[in-house]
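Below, chains carry the letters A, B, ... as their sequence lines are ordered, and counting in each starts from 1.
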Amino acid sequence: MEIRSGICRFGLWRIRILWSENLVHKVSFERFGEESYVPPQIKLFLSGKKDTLSPLTSVALTDGHPYNNIYRAVFEIPYGETKTYSEVAEICGTHHRTVGIAMKRNPTPLIIPCHRVVSKNSLGGFTPDIMIKKSLLEIEKKKRNLAGLS
DNA sequence: TCTGTTATTGCGC
DNA sequence: GCGCAATAACAGA
């Protein structure tokens, strides 16, 4: 199984993606880097033209991965909606603090939509830059509003 | 095995 | 409205 690597632009950031077939191994954010081929779903999703990354999945969803159940619960959050750390924790039968840790260690942001998990009174956090989370949520909200109008 | 760290929350003042 | 303790799980020493 060959692992491929690509970079795509997102605002000021470059998103590096490591994947093979439909399985995404790692998603990381970099300040610099030359754009190269990434799965088309990624670009469509980031530009708000598509509301799903299907059929892409993440290694974080496979059995045996730490936080497997947490990532699955987050994966189920619908496009344009958000859940709090507590709500996710309740679904998984764990502690909200643990959800925060799981999100920080999330090997594949975007695929696991960790940006849809927010703090009760604010956005919560995002590594390496809260702006990425903010932008993603704005794109999703905008698209959902447009869909609602039509 | 122990300690430090963490993308939170809710209570008390 | 702010500060702080409670609290779970991993990484590194």
Side-chain angles (χ1 to χ4, degrees), chain A residues 1 3-20 22-33 35 38-39 41-145 147:
Chain A
M1 190 161 62
I3 296 185
R4 310 185 58 184
S5 165
I7 293 179
C8 112
R9 272 189 65 153
F10 184 67
L12 294 171
W13 290 87
R14 306 292 181 276
I15 303 179
R16 176 184 290 277
I17 307 190
L18 298 178
W19 82 100
S20 57
N22 289 327
L23 185 67
V24 179
H25 293 252
K26 192 166 170 54
V27 176
S28 54
F29 297 94
E30 299 176 2
R31 212 65 182 77
F32 306 99
E35 275 189 88
V38 296
Q41 294 96 322
I42 303 281
K43 285 202 157 190
L44 291 170
F45 182 83
L46 289 175
S47 60
K49 289 178 183 144
K50 216 164 179 284
D51 59 10
T52 173
L53 284 165
S54 169
L56 293 177
T57 58
S58 162
V59 284
L61 294 172
T62 56
D63 284 330
H65 195 283
Y67 307 123
N68 172 278
N69 55 339
I70 297 179
Y71 293 135
R72 278 185 201 213
V74 175
F75 193 68
E76 307 255 311
I77 302 175
Y79 187 92
E81 288 185 27
T82 57
K83 273 194 166 30
T84 63
Y85 291 95
S86 294
E87 284 171 325
V88 175
E90 205 173 324
I91 293 170
C92 306
T94 184
H95 198 269
H96 55 78
R97 216 56 205 83
T98 313
V99 176
I101 295 168
M103 293 305 101
K104 181 170 169 54
R105 300 193 193 283
N106 183 3
T108 57
L110 296 183
I111 316 298
I112 308 296
C114 59
H115 55 280
R116 290 181 201 148
V117 183
V118 297
S119 173
K120 203 172 186 181
N121 300 311
S122 68
L123 265 188
F126 197 89
T127 305
D129 188 355
I130 189 67
M131 280 307 297
I132 298 171
K133 184 174 190 172
K134 219 171 160 183
S135 305
L136 287 168
L137 286 173
E138 269 171 25
I139 290 170
E140 296 197 358
K141 212 192 295 174
K142 202 183 286 181
K143 183 163 195 301
R144 195 178 60 158
N145 286 343

Whole Å only: how far is the [atom1] atom of [X] from the [atom2] atom of [N]?
| X | N | atom1 | atom2 | answer |
| --- | --- | --- | --- | --- |
| A:Asn68 | C:dA9 | CG | P | 14 Å |
| A:Asn121 | C:dC2 | CG | P | 12 Å |
| A:Asn69 | C:dA8 | CG | P | 15 Å |
| A:Phe126 | B:dT8 | CZ | P | 13 Å |
| A:Arg97 | C:dA5 | CZ | P | 15 Å |
| A:Glu90 | B:dT8 | CD | C1' | 15 Å |
| A:Met103 | B:dT9 | CE | P | 13 Å |
| A:His95 | C:dC10 | NE2 | C1' | 16 Å |

Would you mind telling me which of [options] lies closest to the side-chain atoms of [X]?
| X | options | answer |
| --- | --- | --- |
| A:Arg105 | C:dA8, B:dT9, C:dC10 | C:dC10 |
| A:Tyr67 | B:dT9, C:dC10, B:dT6 | C:dC10 |
| A:Tyr85 | C:dA8, C:dC10, B:dT8 | B:dT8 |
| A:Ile101 | B:dT6, B:dT9, C:dC10 | B:dT6 |

List the atom of [X], the atom of [Y], and the distance in Å for their closest heavy-atom pair.
| X | Y | answer |
| --- | --- | --- |
| A:Arg9 | A:Leu46 | O-CD1, 4.3 Å |
| A:Ala60 | A:Thr108 | CB-OG1, 4.3 Å |
| A:Tyr85 | A:Ser119 | CE1-N, 3.4 Å |

>> Tell me which nucleotide, if any, is Watson-Crick or G-U wobble paired with C:dT7 when both distances must be under 3.5 Å.
In response: none
> Do other residues, nucleotides or ligands put more than 12 heavy atoms under 6.0 Å from the CD atom of A:Gln41?
Replying inline: yes
>> Would you say that more than 12 heavy atoms from the other residues, nucleotides or ligands in this model lie under 6.0 Å from the NZ of A:Lys141, or not?
In response: no
> If you pin A:Gly93 and A:His96 to their nearest nucleotides in DNA chain C, which one's is more 5'?
Replying inline: A:His96
>> So A:Gly100, base contact, sugar-phosphate only, or nothing? Heavy-atom distance under 4.0 Å.
In response: sugar-phosphate
>> Taking any heavy-atom pair under 4.0 Å as a contact, classify A:Ser86: base, sugar-phosphate, or nothing.
In response: sugar-phosphate
>> So, does A:Thr94 get its side chain near the phosphate of C:dA9, meaning an N or O under 4.0 Å from OP1 or OP2?
In response: yes
